[in-house]
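Everything below concerns the one structure shown next.
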Amino acid sequence: MDEKMKFMPEPFKIKMVEKMGSLDKEGRKMAIKEAGYNTFLTNSEDCYIDLLTDSGTNAMSDRQWAGLMMGDEAYAGSRNFFHLQSVVREYFGFKHVVPTHQGRGAENILSTLTIKPGDYIPGNMYFTTTRFHQERNGGVFRDVIIDEAHDPAAIHPFKGNIDLNKFQTLIDEVGGKKIPYICVAVTVNLAGGQPVSIGNIKAVSELAHKHGIKVMFDATRCVENAYFIKTREKGYEDKTIKEIVHEMFSYGDGCTMSGKKDCLTNIGGFLCINDDELYTKATGMVVQFEGMPSYGGLAGRDMEAMAIGLTESCEFPYISHRVNQVRYLGEKLDAAGIPMIKPYGGHAIFVDARAFLDHLNQNVFPAQALASAIFEFSGVRAMERGIISAGRDIVTGEDHYPKLETVRLTIPRRVYTYAHMDYVAEAIIELYKKRRDISGLRWVYEPKVLRFFTGRFETINEELIKGY
Ligand SMILES: *Cc1c(COP(=O)(O)O)cnc(C)c1O
């Protein structure tokens with residue numbers, strides 16, 4: 001048997017199992033209502049299949065669990081830090097590594113040290129916590145992703161690419177001195193997990209460096225990005241995932257990393273920087289907010305798990321199955337005409353809620369309503385990525401109206417099988433038949449920052465799904 005099957009089975013055996021939630025219909029109706037129609041506020045034990053996020057929800061391997069037992073919990077100079085440092089240097093190629101409790105810890109340090117009020121930070125589409133830290137330090141985020149990324153139906157092999165003209169326009173407008181760095185996310189989460197090509201990274205790096213602008217990667221899903229490069233970009237077919245990751249980062253000056261994604265752990269992150277002076281400043285800051293530069297808010301064992309996880313994540317059978325499992329779900333939904341962002345991304349399927357609920361205006365939060373309805377109907381927990389996540393303009397206080405109004409079905413790594421994907425697809429296809437019965441929502445409580453996490457809503461009609 002060769003490896004030509006369209007969907008190869010899971011490349012792992014199951015050694016430990018975990019029971020899934022099993023609420024009945026009335027229980028689910030009550031649970032989502034009590035959660036204020038916000039899936040973030042539902043309980044894990046009430047979910048049947050939990051596709052809320054791929055962040056920290058990874059199943060660790062036997063080797064990672066063994067690594068936990070090798071934790072060196074010394075306050076300073078833990079051997080697990082040195083292991084992590086050597087793996088990150090080997091795979092990413094950056095000079096300095098500062099561990100942080102998770103990705104946003106690294107974002108906090110980078111943004112605080114490099115952004116002055118009035119600076120601009122271009123990026124290929126915003127990410128919630130990333131933009132929050134940029135704005136918190138007085139920076140202005142500028143979206144420089146290609147136009148195709150904002151169109152759910154546009155097909156482009158590298159839909160996360162940066163539009164060099166948009167980047168150049170910003171440089172002409174404000175000057176390179178007001179742009180401390182460009183943030184290049186690989187892949188682009190909110191665009192649908194869309195990749196960036198090496199060709200684009202190279203061109204961005206040349207333009208940025210010509211104007212004294214640093215290139216800082218959001219490396220969160222860099223392994224998934226490398227898989228797309230291997231399978232879509234000419235000249236990379238025969239390179240290993242590790243070689244591609246290394247080449248991607250060779251064009252940059254550092255990165256922030258959420259280990260909770262492509263390091264296959266449940267917690268952790270780090271900041272990488274080549275610049276010695278910036279690194280010294282980062283060590284000064286990490287002691288204030290995270291801990292010693294040799295643990296950054298993590299236990300020794302967590303750094304060990306992250307070091308092992310990063311190497312496993314770059315193994316081809318793992319990453320190939322990962323991305324293909326997402327595609328499997330995407331193809332099932334697509335065959336039934338469910339509107340979604342295409343091409344399928346690396347970590348999730350993004351259902352186009354605007355098209356799914358075409359009877360609802362964006363100001364009654366179609367994606368929030370659809371995520372709630374999916375939970376009520378099937379026990380599958382997804383999340384809103386639309387107007388609620390986009391938040392308000394910090395200057396005018398007006399809502400951002402993002403073009404993409406989506407529900408993200410995010411697949412945790414190594415947790416679910418193809419059979420689970422079949423259930424998810426069937427549930428959403430059934431719900432699609434009742435889509436006109438789904439009610440819009442309105443605010444009950446709107447938090448000031450990162451409102452999607454804890455905001456609460458009520459239905460506009462009497463029931464969330466009429467007659468269900
Ligand atoms: C998750 C994520 C982050 C933040 O990382 P945390 O570990 O959740 O703090 C940053 N950027 C992207 C693209 C992410 O998906």
Side-chain angles (χ1 to χ4, degrees), residues 98 100-145 162-163 166-185 188-190 204 207-209 211-220 252-258 269-275 277-290 296-297 387-402 446-453:
V98 183
T100 56
H101 73 284
Q102 60 185 86
R104 71 198 70 182
E107 291 173 346
N108 179 29
I109 296 173
L110 175 68
S111 302
T112 308
L113 292 179
T114 58
I115 300 171
K116 295 185 304 302
D119 281 351
Y120 288 79
I121 305 91
N124 45 350
M125 205 172 266
Y126 85 100
F127 182 73
T128 53
T129 59
T130 317
R131 191 180 65 190
F132 169 76
H133 282 290
Q134 293 164 355
E135 291 178 343
R136 188 170 170 266
N137 287 286
V140 178
F141 165 77
R142 182 69 70 87
D143 187 8
V144 292
I145 202 166
I162 283 166
D163 184 328
K166 288 185 190 171
F167 184 24
Q168 180 71 60
T169 304
L170 179 67
I171 298 171
D172 294 344
E173 219 178 285
V174 305
K177 286 210 166 59
K178 277 200 166 274
I179 308 176
Y181 64 91
I182 178 167
C183 175
V184 183
V188 185
N189 187 349
L190 295 197
V204 167
L207 179 55
H209 290 140
H211 294 273
I213 300 165
K214 285 193 162 61
V215 175
M216 299 301 296
F217 286 95
D218 181 338
T220 296
D253 303 285
C255 72
T256 54
M257 178 74 182
S258 170
F270 51 84
L271 172 69
C272 291
I273 334 178
N274 285 338
D275 186 297
E277 207 186 307
L278 196 56
Y279 169 68
T280 307
K281 286 187 188 160
T283 57
M285 223 189 127
V286 80
V287 292
Q288 296 173 47
F289 293 98
E290 307 273 336
I387 187 167
I388 306 298
S389 293
R392 289 176 184 272
D393 188 291
I394 60 160
V395 180
T396 65
E398 295 291 315
D399 278 308
H400 288 295
Y401 277 83
E446 182 186 348
K448 290 240 164 6
V449 292
L450 299 172
R451 62 187 185 177
F452 56 96
F453 282 129

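Along the sequence shown, the residues carry numbers beginning at 1. Note that the structure is a prediction, hence the values are computed from the model and not measured.
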Residue pair R392, H400: steps toward the side chain to side chain contact (heavy atoms under 4.5 Å, CB included) verdict: CA-CA 5 Å; R392 289 176 184 272; H400 288 295; 5.7 Å; no
Intermediate values then yes/no, side chain to side chain contact (heavy atoms under 4.5 Å, CB included), D218 and V184: CA-CA 6 Å; D218 181 338; V184 183; over 6 Å; no
Test side chain to side chain contact (heavy atoms under 4.5 Å, CB included) applied to E290 and M285, step by step: CA-CA 8 Å; E290 307 273 336; M285 223 189 127; over 6 Å; no
Steps toward side chain to side chain contact (heavy atoms under 4.5 Å, CB included) verdict (T220, F127): CA-CA 11 Å; T220 296; F127 182 73; over 6 Å; no
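Between the CD atom of E107 and the CG atom of L271 there is a distance of 10.0 Å, given to the nearest 0.5 Å. Note that the CD1 atom of I109 and the CD atom of Q288 stand 9.5 Å from one another [nearest 0.5 Å]. Here the straight-line distance linking atom OG of S258 with atom NE2 of H101 works out to 9.5 Å at 0.5 Å rounding. With rounding to the nearest 0.5 Å, the separation of CG in N108 from OG1 in T130 is 12.0 Å. A distance of 7.0 Å separates CD1 of I121 from OG of S111, quoted to the nearest 0.5 Å. For the atom pair I145 CD1 and Y126 OH, the distance stands at 12.0 Å (nearest 0.5 Å).
The list of salt bridge (Lys or Arg N to Asp or Glu O under 4.0 Å) pairs with a residue in residues 169-183, not counting sequence neighbours, reads R142-E173.
Side-chain atoms of T112 and F289, non-hydrogen and from C-beta on, never get closer than 4.5 Å to each other. In this structure the side chain of N137 never reaches within 4.5 angstrom of the side chain of P117, judged on heavy atoms. No side-chain heavy atom of V144 sits less than 4.5 Å from a side-chain heavy atom of D163. Using a 4.5 Å heavy-atom threshold, the side chains of I273 and D253 count as separate.
What you find for G123 and D143 is that their closest heavy atoms are O-OD1, 3.4 Å. Heavy-atom minimum distance, M216 versus C255: CE-N, 3.6 Å. Across N124 and I162, no two heavy atoms sit closer than the pair CB-CG1, 3.7 Å. Here the closest non-hydrogen pair linking F141 and M125 is CZ-C, 3.5 Å. Of all heavy-atom pairs spanning I213 and G176, the tightest one is CG1-O, 3.9 Å. When all heavy atoms of T114 and D119 are compared, the pair lying nearest together is O-OD2, 3.8 Å.
Taking the ring-ring contact (aromatic ring centres under 6.0 Å, His included) definition, one finds that Y279 meets it with H96, sequence neighbours left out.
A side-chain contact (heavy atoms from CB on, under 4.5 Å) with T128 is found for exactly one of N189, V449, L450, namely L450.
The 12-atom threshold is not exceeded at OH of Y120, counting heavy atoms of other residues, nucleotides or ligands nearer than 6.0 Å.
Between K214 and D275 there is a salt bridge, with a side-chain nitrogen of the basic residue lying less than 4.0 Å from a carboxylate oxygen of the acidic one.
Judged purely by atom type and a 3.5 angstrom limit, D393 uses its side chain to pair as donor or acceptor with the backbone of V395.
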